[in-house]
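See below for the structure under consideration.
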Amino acid sequence: MLVLKDEDPRIHGIKTKIRVVPNFPKPGIMFQDITTLLLDPKAFKDTIDLFVERYKGKNISVVADRFSFCPSKIDKGTFKGIEARGFIFGPPIALAIGAKFVPLRKPKKLPGDVIFEEYTLEYGKDRLEMHVGAVELGERALVVDDLIATGGTLCAAMNLLERVGAEVVECACLIELPDLQGRERLNGKPLYVLVEYQ
């Protein structure tokens with residue numbers, strides 16, 4: 001388990017740029033809004049730089065990011081969130097460390113042949129898809145997401161990559177909601193997080 005928290009002075013600047021929006025998208029949800037971080041070029045660059053500093057020189061050949069369903073909280077037995085914030089951090093990290101970027105998408109978003117991994121959510125089932133041949137046997141992969149809550153989607157991403165023979169080196173997330181215990185579902189896989197919210 002590695003959480004930077006406030007060890008690096010850039011973390012404070014990053015954390016102050018993440019807006020918490022109460023009662024969005026419905027009452028009881030505390031939505032972690034990263035769009036305010038993206039509006040600040042320094043905070044956005046610091047975020048990318050912290051990830052790049054960690055992974056540069058680690059022989060990672062694949063950065064996989066998902067077009068994310070970003071949950072904020074469990075509310076009355078249902079899982080709530082919105083799809084929109086994936087693909088923001090993965091591509092610049094991949095470019096900076098010299099790795100290819102592989103998008104992991106929800107069903108029917110990728111053209112061509114795909115391989116998929118189904119997973120269970122609090123409210124039902126979903127699946128992630130990846131192009132056949134995008135990742136090869138023996139490649140070292142980093143899974144990037146903006147937020148880990150219950151860990152279901154990160155687990156599906158890891159399973160999908162490992163099924164095609166990749167070695168998932170680590171998962172990297174900007175935000176962790178530790179109360180939802182997603183870290184425990186990763187079966188000991190290292191998780192690198194910049195900011196925790198209780």
Side-chain angles (χ1 to χ4, degrees), residues 1-22 30-73 81 84-104 140-155 157-158 161 166-198:
M1 170 177 123
L2 179 64
V3 179
L4 272 182
K5 294 186 182 172
D6 295 320
E7 294 175 22
D8 189 297
R10 295 172 287 185
I11 296 296
H12 177 72
I14 291 167
K15 190 168 186 174
T16 63
K17 297 300 177 183
I18 299 170
R19 175 175 58 172
V20 178
V21 181
M30 298 297 287
F31 186 78
Q32 310 300 313
D33 181 15
I34 65 166
T35 61
T36 48
L37 177 131
L38 301 175
L39 293 172
D40 185 305
K42 181 181 179 341
F44 186 24
K45 182 180 184 312
D46 286 346
T47 302
I48 298 301
D49 288 349
L50 283 164
F51 287 125
V52 169
E53 290 164 15
R54 177 157 179 87
Y55 299 110
K56 193 151 189 108
K58 300 267 176 134
N59 199 27
I60 292 171
S61 56
V62 173
V63 174
D65 196 345
R66 62 186 183 82
F67 192 68
S68 63
F69 185 80
C70 296
S72 300
K73 180 181 166 183
R85 302 183 312 184
F87 295 174
I88 293 171
F89 300 106
I93 293 168
L95 285 172
I97 67 173
K100 63 184 172 183
F101 174 72
V102 176
L104 306 178
R140 290 171 48 85
L142 170 66
V143 178
V144 176
D145 202 356
D146 63 321
L147 182 139
I148 179 172
T150 65
T153 312
L154 272 181
C155 286
M158 290 189 310
L161 291 162
E167 174 194 353
V168 176
V169 175
E170 193 163 85
C171 297
C173 296
L174 170 60
I175 301 168
E176 179 179 16
L177 304 177
D179 289 348
L180 299 181
Q181 302 176 340
R183 180 181 296 271
E184 286 74 31
R185 291 189 62 195
L186 301 182
N187 297 319
K189 188 64 70 183
L191 173 64
Y192 181 71
V193 172
L194 298 184
V195 176
E196 280 187 0
Y197 282 96
Q198 299 299 325

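In what follows, every heavy atom counts, from backbone to side chain, and hydrogens, waters and symmetry copies are set aside. The residues of the chain are indexed from 1 along the displayed sequence.
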Under the rule for side chain to side chain donor-acceptor pair (under 3.5 Å), what residues qualify as partners of [X], not counting sequence neighbours?
X: Asp40; result: Lys17
X: Glu184; result: none
X: Lys56; result: none

State, with a plain yes or no, whether a side-chain heavy atom of [X] is found less than 4.5 Å away from one of [Y].
X: Glu7; Y: Ile11; answer: no
X: Val21; Y: Arg19; answer: yes
X: Asp46; Y: Phe44; answer: no
X: Val144; Y: Ile93; answer: yes
X: Leu177; Y: Ile148; answer: no
X: Arg183; Y: Val193; answer: yes
X: Leu104; Y: Asp65; answer: no

> Which of these, Thr47, Leu147, Asp33, Ile175, sits in a side chain to side chain contact (heavy atoms under 4.5 Å, CB included) with Ile18?
Replying inline: Ile175
>> Between Gln32 and Met30 (side chain of the first, backbone of the second, donor and acceptor by atom type, cut-off under 3.5 Å), is there such a pair?
In response: yes
>> Given Glu53, which partner from the list Arg10, Lys58, Lys45 fulfils the salt bridge (charged side-chain N to carboxylate O under 4.0 Å, His left out) test?
In response: Arg10
> At their closest point, which heavy atom of Ala166 faces which heavy atom of Ala141, and how far apart are they?
Replying inline: CB-CB, 4.4 Å
> Looking only at heavy atoms, which two atoms of Leu174 and Phe51 are closest? And how far apart?
Replying inline: N-CZ, 3.8 Å
